[in-house]
Amino acid sequence: MARFTLPRDIYYGPGAINELKNLKGHKKAMLLTGGSSMKKAGFLQKTEEVLKSAGMEVQLFEGIEPDPSIETVFRGAAAMREFQPDVIVAIGGGSPMDAAKAMWVFYEYPEKTFDDIKDPFTMPKLRQKAIFVAIPSTSGTASEVTAFSVITDYSTNIKYPLADFEITPDIAVLDTDIPLTMPKTLTAHTGMDALTHAIEAYVATARSDFSDPLAMKAISDIYDSLLDSYHGDVEARGKMHIAQCLAGMAFSNALLGIAHSLAHKTGAVFEIPHGCCNAILLPAVIQYNSKVCMERYAQIARAIGLPGSTDKQLVNSLVDSIKAMNKKLGIAQTYQENGVSEELFNANVDKIAENAVKDPCTGSNPRAIDVENMKKVLTCAFTGEDVTF
Ligand code: NZQ
Ligand code: MN
């Protein structure tokens, strides 16, 4: 099936939260967020005020943790069943947005279990009770426009990317004032997450004429603005916020690849943030995939003005530029350099490789992969050796 789905409305720019005053005909809004960052900066209160001024009763649900758990999702769904909102508004990073999306499913379908919706594109029809509004505070996951919700099962330390266009939000609000409060490391990690989304989407098997231009524009804007954004340039922060969303529009429809399969399976085990995992994995994954899609990577390299006259040279330049970018962003080159011990790595590498092959993102990777090769790619990301097989 060929389908391309995005939220119906996207409000963007400085102060875009105010546009929620346009939400008409709703009575009750549940406003969900993470820890304290949105409250400290005043964005939570501002959103609450705008929703109230649009005539809604507002209930807060705070404290959604980074890399949200299945338990948090069920707690939130229960709170929603109690309050009966007709609008769900999530403000924060990928974690609160993702958790709120999954809560939405179990709010509308209390009889469903996590297992019932774990397989991609098996969700029931939503919007029977509420619509969904997402306000991102990081510039990375683009959960505000994607069909994904990544929930962690801490009993197995596995991250499950729930996937269905049913959970693509109705409204995304890209208020460019919000990411200004991100600390540097968060800016670096989430920015590299966005770059990984765009590059994986550009070569993914489900890519299309609709996703390609979004992915390419995102890549070129991220190359232009991520370093300046990292160093606190206000305009570059704003540009990154939009660029990560373009990347999200691309990957929500083109899907991703094995950098994400491995990031989903290493994140919880190694206790490394999602974007940082992607940043470390991306060079090795490009090397592995380039056996089958060298030309696509070369197109990217050419578009951003990297040196090389043959496709091979251009792909090497792309890999080198990502390693250099990581360095400038204070990101380690390998898992080992990031502090993962040989003991921890060896104890988990087999299981991670096995689980990564089963991750839904593996299906759209341009080059097929078995457990043995997955293990080899992961090992290269651990040691820093080039992938040559
Ligand atoms: O919890 P609070 O206090 O808000 O603090 C958060 C959290 O500690 C803080 N933060 C967020 N925005 C801030 C801020 N601090 C200061 N200023 C701001 N403007 O950052 C910390 C991390 O937040 P989190 O939401 O976990 O980060 P991120 O946005 O990187 O989201 C990561 C999650 O998204 C999933 C990841 O797997 C991970 O669980 N992903 C979701 C995707 C999707 N839905 O499509 C795709 C991605 O590939 C990714 O897998
Ligand atoms: Mn990601």
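Both counts, for ligands and for their atoms, begin at 1 and track the order of listing. Heavy-atom basis, side chains included; hydrogens, waters and symmetry copies ignored. Index from 1, following the sequence.
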query: Mind checking what residues have non-hydrogen atoms under 4.0 angstrom from ligand 1?
result: Gly34, Gly35, Ser36, Ser37, Met38, Pro66, Asp67, Gly93, Gly94, Ser95, Pro96, Asp98, Ser137, Thr138, Thr141, Ser143, Thr146, Phe148, Val150, Lys159, Ile178, Thr181, Met182, Pro183, Leu186, Thr190, Asp193, His197, Phe251, His260, His264, His274
- request: Under 2.8 Å from the Mn ion (ligand 2), which protein N, O or S atoms are there? Could you list them by chain and number?
  value: Asp193 OD1, His197 NE2, His260 NE2, His274 NE2
- request: Return yes if some donor-acceptor pair links the side-chain N/O of Thr362 with the main-chain N/O of Lys358 below 3.5 Å, else return no.
  value: no
task: State whether a side-chain donor-acceptor pair under 3.5 Å links Asp67 with His274.
output: no
message: Does either side chain, that of Thr187 or that of Arg237, offer a donor lying less than 3.5 Å from an acceptor on the other one?
response: yes
task: Report the hydrophobic cluster partners of Val234, with the cluster defined as I, L, V, M, F, W, Y residues connected by side-chain heavy atoms closer than 4.5 angstrom, directly or transitively.
output: Leu180
Polar side chain donor-acceptor pair, Ser95 to Glu65, under 3.5 angstrom: no
query: Are the aromatic ring centres of Tyr297 and Tyr202 under 6.0 angstrom apart?
result: no
field: All salt bridge (Lys or Arg N to Asp or Glu O under 4.0 Å) counterparts of Glu62, not counting sequence neighbours
entry: Lys39
- prompt: Is it the case that more than 12 heavy atoms not belonging to Lys312 sit under 6.0 Å from its NZ atom?
  reply: no
- prompt: Regarding Asp153 and Ser155, is there a side-chain donor-to-acceptor distance under 3.5 Å anywhere?
  reply: yes
